[in-house]
Amino acid sequence: MSWLHDTLEAIFAVIAWPAAMYFVLANTSMLVLVLLAARHFARYLRRSEHRGEDAMAASPLSLGVSVIMPAYNEAAVILTSVRSVLDLRYPDHELIVVNDGSTDDTLRLLREGFGLVPDERDLPGRIPARGALRGVWRSPDPAVPLLVVDKENSGRSDSINLGLDLASKELVVMVDADSILEPDALLSVSKPFADDPERVVATGGVVRIVNNSRVQAGRIVDIRMPKELVTRIQVVEYLRAFLLGRTAWSDLNALILISGAFGMFRRDVLVEVGGLDADSIGEDFELVMRIQRWIRHGHRECRVEFVAEPVSWTEAPSTLKVLARQRRRWHRGLWEVLWKYRGMLLNPRYGRVGMLALPYYWLFELFAPLIELVGIVLVVLGLLVGAVHPGMALLLLIVAYVYGTIVTLAAVLVEEASFHRYERWRDMGATLWAIVAESLGYRQLTAIWRIQGWWAGLTNRAQVWGEMTRTGFAEASDAPAASAASAAGGQPDRRD
Amino acid sequence: MTTLLPPTLLQWLLVTALLVATVMLVALVTQRAVRHRRERRRAELDERLRPLVLEASIAEDDEVDALLARVRALDGEEREHVGRTVSSMLRGITGEAADRLRALADASGLAPRVIAAARHRDPVVRADVAEALGLLAPEGALALLLELADDASADVRTVAIRALGAFDEPASVDRVVAALAVDSGIPTSVAASALLQQGSAVGDRVRRALEDDDPGVRRGAARVAGLLQASGSGDALARLVADEHESVRLAAMRSLERMPVRDAVPALRAAALDGGTIGEAAARALIAMPGRWTADALAQIGAEAEPGVRRAAGLPRAAASA
């Protein structure tokens, strides 16, 4: 085995320093994003007294918002979800529910629950939709701005496109039927549009994890850390990567990803770029990339902004099986979108998106799991054949581990100083344990799943959506025989 | 056997990283403990003082002096808490109760503190002052707000314009109208909402603003005119339906939904037939008008307009194919 020993030693001699530099660069760039976000939060919170959201909530001049809610077999929650959206604090919003060929009672519950009547008005047809339209229903009560579109099953993106076609307000927001929204969600996310209606074309809101929190009538009333460790780790991940990372990218005017669970767009822009790509797995990412390209190609002084205020809560996978499927899908979506827009990479024409955000995503998001796993395999092999000093390998591992922990701890520290949504001491304990546990197997597992997703994308394997089982929070059901949502062949298990 | 990286470097890095992590942990715990303590103290104060504020807001005239005396007798921390409570309540209260709360804010020493901070070097403090001046309306507030409306910070200017909505004096109205201008740096929604808040007293000024040279002023005034039902502005709104700026046309159409003007029908019909967002807005304005004015226009839209416009006009799918 001396050839293996010699080969590994030669490899280590070449890659040790570059690998260390990569690791330091990856964690340091995340740390820089966390610090940028901290600066943003400090400014944002200092201005909280005079942001004027109350004035906006009362003003009939606020921009109108069309909320589009695709629904596939959502009988268990649909009435509560619809009521909670209609009750959002906002002066002018309508709700468009698109029933995506549900096989349960979703449509019947809506029709009976709101006494819907057929809407015979013409259909604009501005955005081509694949699923055949079966009917449009509306509330007869002008005080209930609800439109329900019934169509054959064709997936979430196509459903949203149909909803977009029928939307009548200036702004459009996409939400999932099972998302829990904050009462001021629309106010918070539309504020950048009100402040700068000519330049802001899209905003993203913070999506947090609802598992184990108490929910009543579609509103979150008691926020708690999830029970399962795997979900707790995701809370920490969401905090670091979604809340802080995206806030920082927004500050740099290089935000390229808005969560599909809560994104707001100017309707005219969405129509102009053609709505969502129904063939894309990372359709939310793809849409924002298309908008960024549209901005740069047209030399438009437009922005995509992220709003740090919590607006939406969603259930995260609580089992490894569902988590694995989600991560495979995310990474496949990441690869497909990055590849599709590879022409923007390191292209000065696309400003900070091309020169900063995309290189980061290629280097530290797409390639990260590959580099991490290759590193682990090489070090383990080196240890087995005696090419690596065991004590020093352990020391290196601990240093890497502690540095990664510092970055996550910084994110938690910023959250504690700003929004501090998990108030109980025991939640803090759970958070700290999740930070420690993240690197002990979780990261390595997700790296494997991410590579599997990437491979599936490279080999063009058919995407299977699978099934998302709801277990996270207790809520009264709308349907007599409520079942967990099944999305097999229908809509994706989760927008995150 | 390779050590991958120099051992001394790794040892040094480990010690540093452990130190940093420990400091962060301590900061995390300390931060939470301090915040919890501060929140508990505020809750205690709230439990004691909120009933006093509520009592003052609904007090009879002969009870007010005694309540104000009770507030003046509070210690500094308590008076500050009363001031905070009053400020937050004033955002949702108007009329006599609001006047009572303002008197309470005065007794708590909030108003003098706010005025004293009007020229603070920190723009966030000045913006907070502008907000408070609008809510508390102490003597001299208008002059200070007009000054803050020209502040170097755009944030302060925006809050000051919003706060000016509470004052309907001509100087305030003129400043708010000026803030509608395209290059004012003030969000249109803020200036227009302030104008709207100034109420029917600004009708004449709005009417003149509809003829302004600046498209931003025309747009803001057009948007507000319908909501205020500003008499005598119908003709100008009808003309603005054909304005050279799309945003002005849209604003005029939105106002015409609330304030029908027969002379606007031909221009709305033409706009509807052009289609797009403008066409849809024109169709919505038309269906808000009496049917006898719009029957011909709607028939033509049913026959010739694009589907989106027909939908906005409430026309059925059958009409499209007929």
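Reminder, nothing fancy here: chain letters follow the sequence lines and each chain counts from 1. None of the values given here were measured: they were computed from a predicted structure.
Contact annotation for A:A19: neither backbone nor side-chain heavy atoms come within less than 4.5 Å of a heavy atom of chain B. Proximity to chain B involves both the backbone and the side chain of A:S168, based on heavy atoms less than 4.5 angstrom apart. With a 4.5 angstrom heavy-atom cutoff, A:A410 touches chain B via backbone and side-chain atoms both. Heavy-atom distances place no part of B:E306 under 4.5 Å from chain A, backbone and side chain included. Proximity to chain B involves both the backbone and the side chain of A:D195, based on heavy atoms less than 4.5 angstrom apart. Heavy atoms closer than 4.5 Å to chain A are found in the side chain of B:V159, but not in its backbone. Using a 4.5 Å cut-off between heavy atoms, A:R46 touches chain B through backbone and side chain atoms alike. For B:L196, the part lying near chain A is the side chain, with the backbone staying farther off; criterion is any non-hydrogen pair under 4.5 Å. With a 4.5 Å cut-off on non-hydrogen atoms, B:V29 touches chain A through its backbone and its side chain both. At a 4.5 Å heavy-atom cutoff, A:V271 makes no contact with chain B through either its backbone or its side chain. Both the backbone and the side chain of A:E423 have a heavy atom closer than 4.5 Å to some heavy atom of chain B. Of the atoms belonging to B:L14, heavy atoms from both backbone and side chain fall under 4.5 Å from chain A. With a 4.5 Å cut-off on non-hydrogen atoms, A:A194 touches chain B through its backbone and its side chain both.
Most heavy-atom pairs under 4.5 Å with chain A: of the set B:R91, B:R162, B:R223, this distinction falls to B:R162. Among the candidates A:Y401, A:W17, A:Y403, the residue making the largest number of heavy-atom pairs closer than 4.5 Å to chain B is A:W17. Ranking B:P123, B:G308, B:S88 against chain A, the residue ahead of the rest is B:G308, based on heavy-atom pairs under 4.5 Å. Between chain B and the options A:P197, A:P60, A:G125, A:A20, heavy-atom pairs under 4.5 Å are most frequent for A:P60. Listed options B:Q11, B:R32, B:M24 were ranked by heavy-atom pairs under 4.5 angstrom with chain A; first place goes to B:R32. Heavy-atom pairs under 4.5 Å with chain A were tallied for B:E131, B:R284, B:R254, B:Q197; the largest tally goes to B:E131. The most heavy-atom pairs under 4.5 Å with chain A, out of B:S193, B:A312, B:A313, come from B:S193. Contact tally against chain B (heavy-atom pairs below 4.5 Å) for A:I15, A:D165, A:L166: the top residue is A:L166. Interface summary for chain A: among B:T16, B:L9, B:L25, the most heavy-atom pairs under 4.5 angstrom belong to B:L25.
Between A:E53 and A:R89 no salt bridge is recorded (no basic side-chain N to carboxylate O distance below 4.0 Å). The existence of a salt bridge linking A:R421 and A:D427 is excluded, since no basic side-chain nitrogen approaches an acidic carboxylate oxygen closer than 4.0 Å. A salt bridge does not link A:K169 with A:E94: none of the charged nitrogens is closer than 4.0 Å to a carboxylate oxygen.
In this structure, CG on A:L4 lies 10.5 Å from CD on A:E9, to the nearest 0.5 angstrom. Atoms CD1 and CG, on A:I11 and A:D6 in that order, are 11.0 Å from each other to the nearest 0.5 Å. Expressed to the nearest 0.5 Å, how far CG of A:L413 lies from CG of B:L28 amounts to 5.5 Å. Here CG of B:L133 is found 13.0 Å from CZ of B:R126. Values are rounded to the nearest 0.5 Å. In this structure, CG in B:D214 is found 8.5 Å from CG in B:L180, a value given to the nearest 0.5 Å.
Residues A:T405 and A:V436 have side chains not in contact (no heavy-atom distance under 4.5 Å, counting atoms from C-beta outward). The side-chain heavy atoms of A:P390 and A:L383, taken from C-beta on, include a pair separated by under 4.5 Å. In this structure, B:M253 and B:I278 have side chains that are in contact, with non-hydrogen atoms separated by less than 4.5 Å. Looking at A:R51 and A:Y44, their side chains come closer than 4.5 Å, going by heavy atoms from C-beta outward.
The heavy-atom pair separating B:A281 from B:L250 by the smallest distance is CB-CD2, 3.5 Å.
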